[in-house]
J.: 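This is the structure I have questions about; it appears just below.
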There are 4 protein chains.
Amino acid sequence: MKHVEPGLIVAPLTPFTAGLDVDEAALRREIDYVVSDCRATMVVAAGVETQEYTYLSLEQRKALIRHTIECVDDRVPVMVGISHPSFKTAIELAHFAESLGAAAVQLLAPLRPFAGPPTQADLVAYFEAVRRESSLPITLYLNPGPGADASIADTIALAKLPGVALIKESSRDLARVSRLIVEIDRAGHARYFTTMQMLLATLELGGSGATMPPPACEIARHIIDAFLAKDHERAATLQLQFALFPSKWMHRGLAPVMKAAMKLIGVPVGDPYPPYASLSDDEIKAMAAVLRTTVLAERFSVTAAA
Amino acid sequence: MKHVEPGLIVAPLTPFTAGLDVDEAALRREIDYVVSDCRATMVVAAGVETQEYTYLSLEQRKALIRHTIECVDDRVPVMVGISHPSFKTAIELAHFAESLGAAAVQLLAPLRPFAGPPTQADLVAYFEAVRRESSLPITLYLNPGPGADASIADTIALAKLPGVALIKESSRDLARVSRLIVEIDRAGHARYFTTMQMLLATLELGGSGATMPPPACEIARHIIDAFLAKDHERAATLQLQFALFPSKWMHRGLAPVMKAAMKLIGVPVGDPYPPYASLSDDEIKAMAAVLRTTVLAERFSVTAAA
Amino acid sequence: MKHVEPGLIVAPLTPFTAGLDVDEAALRREIDYVVSDCRATMVVAAGVETQEYTYLSLEQRKALIRHTIECVDDRVPVMVGISHPSFKTAIELAHFAESLGAAAVQLLAPLRPFAGPPTQADLVAYFEAVRRESSLPITLYLNPGPGADASIADTIALAKLPGVALIKESSRDLARVSRLIVEIDRAGHARYFTTMQMLLATLELGGSGATMPPPACEIARHIIDAFLAKDHERAATLQLQFALFPSKWMHRGLAPVMKAAMKLIGVPVGDPYPPYASLSDDEIKAMAAVLRTTVLAERFSVTAAA
Amino acid sequence: MKHVEPGLIVAPLTPFTAGLDVDEAALRREIDYVVSDCRATMVVAAGVETQEYTYLSLEQRKALIRHTIECVDDRVPVMVGISHPSFKTAIELAHFAESLGAAAVQLLAPLRPFAGPPTQADLVAYFEAVRRESSLPITLYLNPGPGADASIADTIALAKLPGVALIKESSRDLARVSRLIVEIDRAGHARYFTTMQMLLATLELGGSGATMPPPACEIARHIIDAFLAKDHERAATLQLQFALFPSKWMHRGLAPVMKAAMKLIGVPVGDPYPPYASLSDDEIKAMAAVLRTTVLAERFSVTAAA
């Protein structure tokens with residue numbers, strides 16, 4: 001067992017105004033919730049697609065990064081998303097992150113823009129190009145779909161690059177993750193982070209934690225606390241709170257689902273960026289019924305749906 | 001928490017002679033190992049593809065079923081694989097199983113033989129047709145590739161059929177399995193069984209156990225014992241023994257990998273059915289090095305490789 | 001341009017009685033239609049999954065092969081499907097085919113029964129094992145799903161094996177097929193056959209023809225005749241008759257769709273093997289409206305739907 | 001048959017300087033080749049991923065669009081790529097295109113940034129949002145991977161939107177394309193364009209043409225001319241020139257392959273944007289040998305490789 005405390009890396013959802021600008025006041029409230037109530041160990045700025053950063057111009061994205069860092073206000077470290085098809089833009093964002101005092105950067109293993117998957121050499125060359133120009137530790141971010149579907153061998157090769165300090169894995173494949181925790185995290189190459197659904201299994205196998213948006217991170221905080229207290233039955237019971245939520249609504253997309261949950265717990269962060277729609281009233285009622293069986297229940301405002 | 005003891009359902013590998021007949025003596029030794037040493041709670045006869053039953057004629061398959069039941073000799077219940085594209089053959093095998101005193105049957109959710117996935121209605125009609133003619137409890141066996149890739153909704157619909165008592169899930173997708181354990185096992189529709197890589201996570205979430213071949217089942221037995229003893233740290237440490245084994249050799253196929261491991265622990269069950277090849281000497285040495293770090297170490301014969 | 005006439009290889013649908021035995025009288029009528037009216041250049045016996053042969057016992061399958069050969073009665077060559085996971089059963093079927101005077105055998109590139117795709121070496125070893133024991137020319141049958149998804153490199157390696165004389169390709173990927181026609185058919189390794197949707201493109205590129213069930217083969221016969229008459233505009237117009245049919249109903253499966261079409265043209269071959277259902281009345285009406293715009297129109301019985 | 005001449009829509013490759021800026025001189029030479037020698041019927045500016053536009057900042061992308069339009073200099077219409085995850089940026093680019101006199105815009109059916117595919121309603125809402133703000137005809141661009149994998153039903157629904165005038169289909173699935181040509185192009189909803197490998201089949205089925213980069217477009221010009229001259233045998237022979245090229249090198253990516261071919265024919269457009277590499281000398285020699293068998297042979301400079 002490592003002596004590092006499990007990590008709870010939180011990616012705040014991006015609240016938009018009616019005019020589709022970033023709603024800075026809502027973001028500030030959300031970050032307070034994430035840092036104070038959920039005790040995130042690190043906050044991600046504009047790093048994962050659920051943060052809807054792909055809709056932003058480069059200037060808006062930088063403003064979001066700056067505002068996130070200001071709101072966190074040194075309470076915990078901030079990791080800045082620098083993913084971009086061009087390594088030059090990724091480097092520009094890395095320098096920007098450094099200038100603002102960020103603790104790390106997160107970089108998506110990219111798709112090949114034209115057909116076919118990138119080779120391991122392509123992926124290594126891309127990460128090397130960024131690493132050479134940046135002094136901040138890099139999180140290798142794996143998210144097939146928007147990014148490349150890195151094989152086990154590719155992932156290990158990238159994890160061994162100097163400068164790559166963390167892995168953010170999006171798959172829920174426990175066979176893959178078990179092996180990579182051993183070959184990467186326990187082997188000392190990089191710390192391995194997974195998803196909310198994988199959190200307890202990850203911790204038990206010796207992984208380093210998970211990355212997720214709010215309010216999932218509040219449930220995760222309870223799981224981590226129970227795990228640290230060696231209360232394994234409670235940890236398992238809490239992990240079950242991720243069995244139906246968010247799975248039952250995931251066909252709507254993770255950002256719409258988590259934004260609906262935030263509204264229910266009284267920390268509203270607005271609606272999804274179009275064309276994606278908010279959940280329907282019926283969907284929200286059904287979600288409320290599920291969330292009332294979780295640790296989020298006590299946050300429900302008296303006026304909340306259902 | 002349920003009061004049913006976790007299940008360890010074991011599917012013995014099928015040993016072949018040089019002439020490609022079933023090697024009955026080797027099967028008998030293997031079943032003794034599975035039942036006595038690994039304390040399987042149930043044995044599967046000709047049920048999963050790793051048992052290489054698809055190579056057998058119907059007569060050979062029946063002989064394998066009969067011999068498996070004889071070797072188990074009522075020490076534990078036997079579940080008989082009845083999977084076949086034709087529901088009529090599946091029913092014939094179910095009747096055969098019943099006549100031999102089998103406790104249950106296992107039936108693969110079938111592929112559509114012509115292009116395209118079966119619909120939920122197709123799957124339900126197939127299971128209903130078999131169920132109507134058989135009094136034995138049915139295990140719904142999910143194995144995309146040889147079988148259909150049943151969605152969450154399909155799986156729940158099938159689990160709710162009267163007669164379907166167990167689910168054997170082959171995916172290692174913990175998001176899917178978490179949800180299905182809640183919606184199927186904890187909801188009382190059927191008991192949910194997964195794979196070796198998912199065993200501890202399954203038990204913690206309230207699932208019913210796992211199905212696997214030997215010698216993985218010996219590691220699994222230790223995990224289950226530690227779980228029942230509430231020694232969660234030991235259970236987690238043991239679960240890690242499935243991180244590299246069998247993953248590192250899975251490109252060779254599960255049957256060749258497990259047959260190589262059986263040779264190493266001194267319970268040989270022969271070579272894979274052609275055209276699939278045994279592992280190379282170098283692969284076997286590397287596997288031996290990994291297995292020597294597991295609970296299987298003490299079985300290594302003094303003459304074993306590496 | 002080759003001087004060999006384009007091939008129209010036809011795989012008769014398997015008619016079942018109410019008791020799910022092969023309906024021999026219906027098969028005889030169907031084969032007369034296929035041979036006399038559609039001028040098939042070769043008939044396939046129990047070779048493709050659309051023929052629903054996977055539902056049959058080995059004895060029923062042999063009876064179907066024998067009956068097909070008898071019905072064809074030497075009017076055209078017959079190719080016998082010998083696909084089976086076990087190379088030993090495939091060889092047994094090849095010997096059976098030889099004893100009945102078959103002209104060739106067709107063998108599916110098999111799935112690996114346990115997880116993961118077969119390697120090129122696995123596929124080559126399987127085909128070599130069969131080829132060594134059979135003197136009949138072999139058709140390499142590619143059908144991902146029931147069979148392996150052979151890469152371009154795998155396909156070329158298999159095509160170069162002595163004994164492999166034809167390829168039956170099921171994909172509709174024209175980039176793949178264009179390349180393989182050049183590297184396999186025009187290179188002299190094997191004749192390349194595709195599907196109804198690819199027929200004209202295949203002929204124009206120098207491929208050898210297509211394989212399909214009735215009544216698609218009647219449309220295909222007209223396409224081939226127009227192509228041979230160098231009436232390219234007519235050939236293209238006829239090829240368009242495969243744009244909506246069968247695509248619009250393919251979610252129901254190819255066998256149910258073609259059986260519905262056979263009923264419409266007055267050569268009934270019964271219903272699909274359960275659990276697959278016949279098309280609904282509305283679907284049949286819609287299909288009739290489409291088929292009335294094709295060369296099949298004149299076969300419509302006066303009492304046909306719509 | 002329609003009376004509209006087949007379309008040859010060409011997407012010039014983006015030449016980069018050593019400093020990774022757009023090489024305007026090289027682009028000008030390339031566009032002259034495309035317009036004068038290949039007789040493109042329309043030029044695409046920054047529209048497809050093979051044009052490597054995803055590496056550019058918004059300002060660089062606008063500069064590329066402006067420069068492309070200037071180089072074309074009204075010789076043929078220009079279609080401007082406006083694809084962006086945010087409909088607002090897409091609209092901004094549409095307005096920019098309009099201000100420069102573009103004839104049309106091209107818009108990729110977008111991925112959902114977070115997991116799962118967009119629904120038909122999502123896709124329609126996105127296209128409607130752009131269409132409402134733009135008066136230019138829209139090309140629906142389908143490219144699964146960077147964009148969504150639109151089903152047949154989705155594609156038809158989008159094609160029926162007012163404002164959607166063309167479809168650019170990237171699949172090589174002839175069953176899909178045959179059906180969509182009938183249900184979209186021949187039905188009058190939008191003109192259907194495919195790829196180089198599908199060109200002749202597309203024209204014969206009544207589709208409208210194809211989109212591709214140079215120098216593939218020079219081969220395509222010959223195919224179209226032969227098709228218009230009703231010289232079908234020559235058209236088929238020319239179509240075969242796309243059987244090995246670019247397929248044999250496609251694992252390297254379409255942009256690297258086409259850039260290598262441009263160097264061979266004496267219209268150099270530089271190297272791929274990093275991390276993607278140029279083809280090796282051996283690969284270039286092998287490609288030269290293939291291209292010397294095509295209509296591109298006469299462009300080979302005397303000093304060219306091989």
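Heavy atoms only: backbone and side chains are in, while hydrogens, waters and symmetry mates are out. Throughout, a chain's letter reflects where its sequence line sits, starting with A, and its residues are numbered from 1.
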J.: Is it the side chain or the backbone of His251(B) that comes within 4.5 Å of chain C heavy atoms, both, or neither?
T.: backbone
J.: Side chains of Tyr53(C) and Pro113(B): closer than 4.5 Å at any heavy-atom pair?
T.: no
J.: Flag the one option from Ala125(B), Ala115(B), Pro274(B), Ser170(B) with the top tally of heavy-atom pairs under 4.5 Å to chain C.
T.: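 Option with the greatest count: Pro274(B).
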J.: Closest heavy-atom contact between Met250(B) and Arg112(C)?
T.: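 So the minimum-distance heavy-atom pair works out to O-NH2, 3.4 Å.
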J.: Looking at CG of Leu58(C) and CD of Glu59(B), how far apart are the two atoms once the value is rounded to the nearest 0.5 Å?
T.: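 Separation between the atoms: 8.0 Å.
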J.: Would you name the heavy atoms of His84(C) and Thr54(B) that are closest together and state the gap between them?
T.: CE1-O, 3.6 Å
J.: Can you say whether Ala255(C) sits under 4.5 Å from chain B via the side chain, the backbone, both, or neither, judging by heavy atoms?
T.: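 Both backbone and side chain.
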J.: Report the distance from atom CD of Gln60(B) to atom OG1 of Thr89(C), rounding to the nearest 0.5 Å.
T.: 7.5 Å
J.: Looking at Thr119(C), Thr50(C), Leu111(C), which has the largest count of heavy-atom pairs under 4.5 Å with chain B?
T.: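 Top count of heavy-atom pairs under 4.5 Å with chain B: Leu111(C).
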J.: Heavy-atom cut-off 4.5 Å, strictly under: side chain, backbone, both or neither for Tyr273(C) against chain B?
T.: side chain
J.: Once the angle between the rings of Phe114(B) and Tyr276(C) is folded into 0 to 90°, is it parallel (under 30°), tilted (30 to 60°) or perpendicular (over 60°)?
T.: perpendicular
